[in-house]
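Protein chains get the first letters and strands the later ones, always in sequence-line order, with residue 1 at the start of each.
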There are 4 protein chains.
Amino acid sequence: MTDAGPVDREAWRRDWERAAEPYLLAASLLFLASYAVQVLVPGLSPGWQAFWTLVTVVTWGLFIAEYLARLLISDDRRHFVRTHWLDLLVTALPLLRPLRLVETHDRMQRRRDHPRLALEARVMAYASLTALLLGFAASLAVYHDERHAPGSTVRTFGDAVWWACSTLTTTGYGDITPVTARGRVTGAVLMFVGVALVGAVVGSFSSWLLRRFRREGET
Amino acid sequence: MTDAGPVDREAWRRDWERAAEPYLLAASLLFLASYAVQVLVPGLSPGWQAFWTLVTVVTWGLFIAEYLARLLISDDRRHFVRTHWLDLLVTALPLLRPLRLVETHDRMQRRRDHPRLALEARVMAYASLTALLLGFAASLAVYHDERHAPGSTVRTFGDAVWWACSTLTTTGYGDITPVTARGRVTGAVLMFVGVALVGAVVGSFSSWLLRRFRREGET
Amino acid sequence: MTDAGPVDREAWRRDWERAAEPYLLAASLLFLASYAVQVLVPGLSPGWQAFWTLVTVVTWGLFIAEYLARLLISDDRRHFVRTHWLDLLVTALPLLRPLRLVETHDRMQRRRDHPRLALEARVMAYASLTALLLGFAASLAVYHDERHAPGSTVRTFGDAVWWACSTLTTTGYGDITPVTARGRVTGAVLMFVGVALVGAVVGSFSSWLLRRFRREGET
Amino acid sequence: MTDAGPVDREAWRRDWERAAEPYLLAASLLFLASYAVQVLVPGLSPGWQAFWTLVTVVTWGLFIAEYLARLLISDDRRHFVRTHWLDLLVTALPLLRPLRLVETHDRMQRRRDHPRLALEARVMAYASLTALLLGFAASLAVYHDERHAPGSTVRTFGDAVWWACSTLTTTGYGDITPVTARGRVTGAVLMFVGVALVGAVVGSFSSWLLRRFRREGET
């Protein structure tokens, strides 16, 4: 790597990104699982507690190491940070990692030469899946932050999931709402990101429905 | 049926689907009606109780039998399950059967050579009707599950309908909300499916309005 | 009118519709005003009370008479009812009359040869205005029905307007909600019609914004 | 300026508008900052209190003077008022000034010959930024009006921000809602303007997502 020209290093970085993608995706699911177990399982034995804490720390460490490695080998580091801001965000907050799913999915589809779904179906599948994972992560985070807070209405994980559903669809019943500062920041992120994702699902569904009815009309 | 080639059997299945459609639609309305009567009429005599239970069981049995029959005669069963997942869903939960309305409607329109409405009007009519039936089914289910639950805010069927309206439009006042697990699952399904359907209605209305104003501009 | 052929009578009806339009619009505003005064002004003297009741009755009678007259002179009455269902609706419920505004506006614009706004601006103006009038009518109706109801949260007309705003935008805070059956029916109509109108405004605004940014990009 | 022809004066006004833009933008941020400090910092010393009041008054006076100057030098004053109604609005209510951001941004981009983002990205950036500034201004105004009102649920500035988030996305939990007349007027403006802006963001995001998936499909 010492004498390689800039072009080689950039190509090498892109190769690496392509190869590392599925492993990072698996690691992010592991991170989510370890967080979920720690939040949801009430009486973990000290051994399991240590194990899952280790999984959390190791996967998060992996994300940070991988980001730093790519940053270090890139030729123009300021350019790298500017064009990979989503990578930085999901490295700092691994619960948001589902947002990177679109690129992973793109790359895997391209490689496998998989038979394609209709355009709208793909957008709907991607946006729904991301919204689902994000809603699950937000439910975990809110349940974690709110369950022992004074005046909280989130008493069970079911409450948190119900809150996440009513937030993602912007229904917002208000029977269950976060009261802590951290819970509300999570809620605000879920609202803004979730609204955009659900909007994309609804828009794609509408356009799919219109296309379906139009095709029928032409027959 | 023993020596028939694969093409014949597939054609036979499609013929059957076309012929059975209106009867299955009628059966699904009967199922909805029997469920509605059992939930809404308070002091049914044992005889009527037995009658409506029988209607529920027979219509549901019919849906299952019809799905299994089509599955058995299809050549590639895994392919059948994958491409007919909506059929499986509405067979397991007949209250969701309104979702199949689009195909039934498509087929009947094609056969009858009926004068067509404008594209947007058809999408609006279909999506509104499905949303209406779904909202009615959800009101019934929530009223059934919640009316005797402790801490419930759903005391009359009118409350349940009001809740369904505020959920479908994503207004979500929160004066009436389900508190039981089953009621909330019903609510979440109504939110996600309903939001998509109402979004389609609103989108079609917007595009119809734009087209109307544009046509006027050209005159 | 005795020997006139069918074509003449249809032409005569269209002429009449064109001529009567502005007067009916004025009458519908008068109807709204008389309803508003009766609902909003607390201690009307018997004389004024009688006057405004008279205005309500006369304007409503006018709408019914005008609809019946057009129905009677039309050649194919069933066709007339089917194609003029919106006229029937706004005759039965004059508070919904704002919905006819689009046609009145269309006709007046065409006659006056008025300089046109951009397409999206016209859709936004029309949909906003209709939503505004509808929201005002719904506020009046809900205030009228709810203010003396037990357990009602609508105590002032300001409360009713605030409720109408939060309903039209589907925000739905739920701090103020109708509790009577009539108030909830009004609310449901406002939700569904209002959601469609506000959706049209938002959609037109988005497309206007996109067009504006695109034009700038081309310069 | 005495003998200049009408064309010269109009050109002079446009030159002025172009030159004054960045200074007015800076002044409007200063206005927002001075308002924020007065609302948010609890125990200001009399000196600072006077200083920030001065900043508020001077910047507001500047906006009014600038609007009047442009009005006076324009040839057709009624035309100027009609075509610059947004200028009048943001002069009367400087907290709404963020709405003018689009034109300022357009002009600065054009001058600097800045590399352009994709169309949807620009719409999203503009609409998000305006919604953000508007939400911040509304949070300040509601916190200012509500914090000492009887029965108010807005006790901290965090409450006001949380309320603004749930309003902008039309979630509308209703755990925190304005109760004073001025707070509700602020809320209604935020709802209607915010809904349009967030709708534009969601629409652009959907169309960006569709385009991205389509491009991938073509590769």
What do the steps show when you test D:Tyr173 against A:Ser166 for side-chain hydrogen bond (donor to acceptor under 3.5 Å, both in side chains), and what is the final call?
CA-CA 9 Å; D:Tyr173 291 121; A:Ser166 90; 5.6 Å; no
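The side-chain heavy atoms of A:Met191 and D:Thr170, taken from C-beta on, include no pair separated by under 4.5 Å. Residues A:Val195 and D:Val202 form a side-chain contact, since some pair of their non-hydrogen atoms from C-beta on lies under 4.5 Å apart. With contacts defined as side-chain heavy-atom distances shorter than 4.5 Å, the pair A:Leu197/D:Phe205 qualifies. Two residues are said to be in side-chain contact when any heavy atoms from C-beta on lie closer than 4.5 Å; A:Phe192 and D:Ser128 fail this criterion.
Residues D:Cys165 and A:Ala188 come closest through the heavy atom pair SG-CB, 4.1 Å.
One distance of note links OG1 of D:Thr171 with CG of A:Leu168; it measures 9.5 Å at 0.5 Å rounding.
Taking chain D as the reference chain and counting heavy-atom pairs below 4.5 Å, the highest number among A:Pro178, A:Ala181, A:Gly194 is found for A:Pro178.
For D:Phe51, the CZ atom sits in a packed shell: over 12 heavy atoms of surrounding residues, nucleotides or ligands are nearer than 6.0 Å.
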